[in-house]
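Note: hydrogens, waters and symmetry copies are ignored here, and every other heavy atom, side chains too, is used. We count ligands from 1, going down the list as the structure has it; atoms in each ligand are counted the same way.
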Amino acid sequence: MTTTRFAPSPTGYIHVGNLRTALMNYMIARKAGGTFILRIDDTDPERSKEAYVDALKADLEWLGLHWDRVERQSERLDRYHDAADQLRANGRFYEAFETPTELDLKRKKQLNMGKPPVYDRAALELSEAEKDALRAERGTGVWRFKLDQQRIEWADGILGDISIDAASVSDPVLIRQDGQVLYTIASVVDDVEMGVTDVVRGSDHVTNTATQIQIIEALGGKAPRFAHHSLLTGPQGEALSKRLGTLALRDLREQGVEPMALLSLMARLGSSDPIELRTDMAALIEGFDISRFGSAPTKFDVADLFPLTGRYLQSQPLEAVADRIAAIGVPGDTADAFWTVMRDNIETLKDLDAWWALCRDGAEPVIEDEDREFVTEAMAMLPEAPFGADTWSTWTGAVKEASGRKGRGLFMPLRKALTGQAHGPDMAALMPLLQVVKAR
Ligand code: GLU
């Protein structure tokens, strides 16, 4: 039974980088008919906010990434302390008392001597009496996991065979001085107890994975399969980490990006499969294959989402957008014609607002100096609204006859006079929707 999880920390809004992780885990579970868990990693009481929990759930629901189960780490603290006791009993957990400043000094010395800045395990040498003295002086220490200093290996679903020398990694702190359980152990306990079979996360977690594999084994569990996807960069390969804050899913939604456009891009970006618009989740899941993703950094350009959104909207029938169209004030009997005409001329549904304003109120005409006389004469020939399906052809036929103009020289000045722009819907189809003409 395949079980995956998406495990965000509720310390901010989730962004496109998080979405990649969520989506891959979601699709693995769905493709296998397994379980997708939403796990809230909220062991940090200061940084975790309930508002972010609500927000990330709303974001996932907007995208249709429904979870089968939700778990919260803050409700499972006793499990993590049990696991810590087990590690203590196995001799794999030790208390260390160095202050951050002392650790920093040690690191600097190591680096000066050309050595990797790995914790020197000085705390392992302390006698019970020395520990008591340090405790009396500094309070409780932190708790570190004692790594087995051998190579840690796994077959990564994206990166291939990985081998990390545990001797090059510091013994991870799993419990802070104030008793707060850290993500590294909480995550391991959850993955084991919840039967997680596959973990996909960003490649910034590779070293974490190495230590977690040893912790899982020390707790008598079985490590899940791991896959680490590359990190996103901007279109020029520039780091995206600072800009991710502006690429929150709620901002994209606010800008009118459609869920299927976003999902279609993110489910294939960085893989050897082409990016094609999929209009439903089942098709997206069907073609998903984690082994097709590469380890190179993945370029992400927010601008790519808009043409995809436009194409998605073109594929949609009126029913899909009827509420939205009603909300901007388009009367029910006009909605179908309005949508049929406009869906090919928008990138997002927000663009409908301006098109409806144009139909309802008319546009500020744009008239070039050399066309002024021509447009004035043509407007005099335009019948009164309401216009019909053949108004455009009848009218432009008559104007052509009277003026001798034809082709672009005939049509473009009329389009610009009626719509205020050089581009837009087919004029014959637009005319019946046009209620006011300001160019007269
Ligand atoms: N809360 C962790 C994070 O957001 C989860 C990492 C993991 O998938 O284990 O980085």
Side-chain angles (χ1 to χ4, degrees), residues 2-29 34-50 52-53 55-57 59-60 65 67 69-77 79-80 83 145 152 154 156-159 162 164 169 172-174 176 180-216 219 221-232 240-241 244-245 247-249 266 290 293:
T2 300
T3 300
T4 65
R5 67 353 181 241
F6 172 50
S9 305
T11 55
Y13 295 120
I14 56 173
H15 50 63
V16 283
N18 305 124
L19 171 59
R20 204 150 181 246
T21 310
L23 189 53
M24 288 183 177
N25 285 296
Y26 173 83
M27 290 195 293
I28 288 174
T35 303
F36 176 61
I37 302 173
L38 172 61
R39 190 183 84 198
I40 310 292
D41 283 5
D42 56 351
T43 51
D44 182 342
E46 262 145 50
R47 294 181 58 229
S48 301
K49 299 268 177 301
E50 213 44 44
Y52 291 129
V53 176
L56 71 90
K57 284 182 175 171
D59 291 344
L60 294 176
L65 299 183
W67 52 90
R69 228 166 97 191
V70 61
E71 298 282 354
R72 297 189 66 133
Q73 291 195 325
S74 57
E75 289 165 5
R76 295 174 43 82
L77 297 178
R79 319 296 305 214
Y80 312 141
F145 176 73
I152 305 169
W154 73 94
D156 193 280
I158 293 175
L159 302 176
I162 300 283
I164 289 181
V169 181
V173 174
L174 302 188
R176 290 202 324 195
Q180 187 184 312
V181 173
L182 291 179
Y183 147 79
T184 310
I185 186 169
S187 181
V188 152
V189 170
D190 289 347
D191 286 341
V192 171
E193 291 189 4
M194 295 172 193
V196 171
T197 57
D198 295 80
V199 171
V200 183
R201 54 190 176 195
S203 47
D204 49 336
H205 279 289
V206 167
T207 308
N208 244 332
T209 295
T211 61
Q212 287 188 344
I213 287 175
Q214 280 206 4
I215 302 170
I216 292 173
L219 290 170
K222 183 174 173 292
R225 283 183 288 271
F226 287 101
H228 296 84
H229 59 72
S230 64
L231 300 184
L232 294 179
L240 210 54
S241 45
L244 281 172
L247 294 171
L249 301 189
M266 297 316 288
I290 189 109
F293 284 79

Pairs under 3.5 Å, nitrogen or oxygen of ligand 1 with protein nitrogen or oxygen:
| residue | atom | partner | partner atom | Å |
| --- | --- | --- | --- | --- |
| ligand 1 | 1 (N) | A7 | O | 2.7 |
| ligand 1 | 1 (N) | S9 | OG | 3.1 |
| ligand 1 | 1 (N) | D41 | OD2 | 2.6 |
| ligand 1 | 8 (O) | R5 | NH1 | 2.6 |
| ligand 1 | 9 (O) | R5 | NH1 | 3.3 |
| ligand 1 | 9 (O) | R5 | NH2 | 2.9 |
| ligand 1 | 9 (O) | Y183 | OH | 2.6 |
| ligand 1 | 9 (O) | R201 | NH1 | 2.7 |
| ligand 1 | 10 (O) | H205 | NE2 | 3.0 |

Less than 6.0 angstrom separating the ring centers of H228 and F293, yes or no?
no
Distance-only donor-acceptor hits, side chain of residues 7-14, under 3.5 Å, sequence neighbours excluded:
none

Side-chain ion pair, R72 and E50, N-O less than 4.0 Å
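E50 and R72: salt-bridged.
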Any Lys/Arg nitrogen of E71 or R5 sitting under 4.0 Å from an Asp/Glu carboxylate oxygen of the other?
no
Is the CZ atom of R47 crowded by more than 12 outside heavy atoms at less than 6.0 Å?
no
Please test H229 against T21 for side-chain hydrogen bond (donor to acceptor under 3.5 Å, both in side chains), starting from the C-alpha separation and ending with a verdict.
CA-CA 8 Å; H229 59 72; T21 310; 2.9 Å; yes
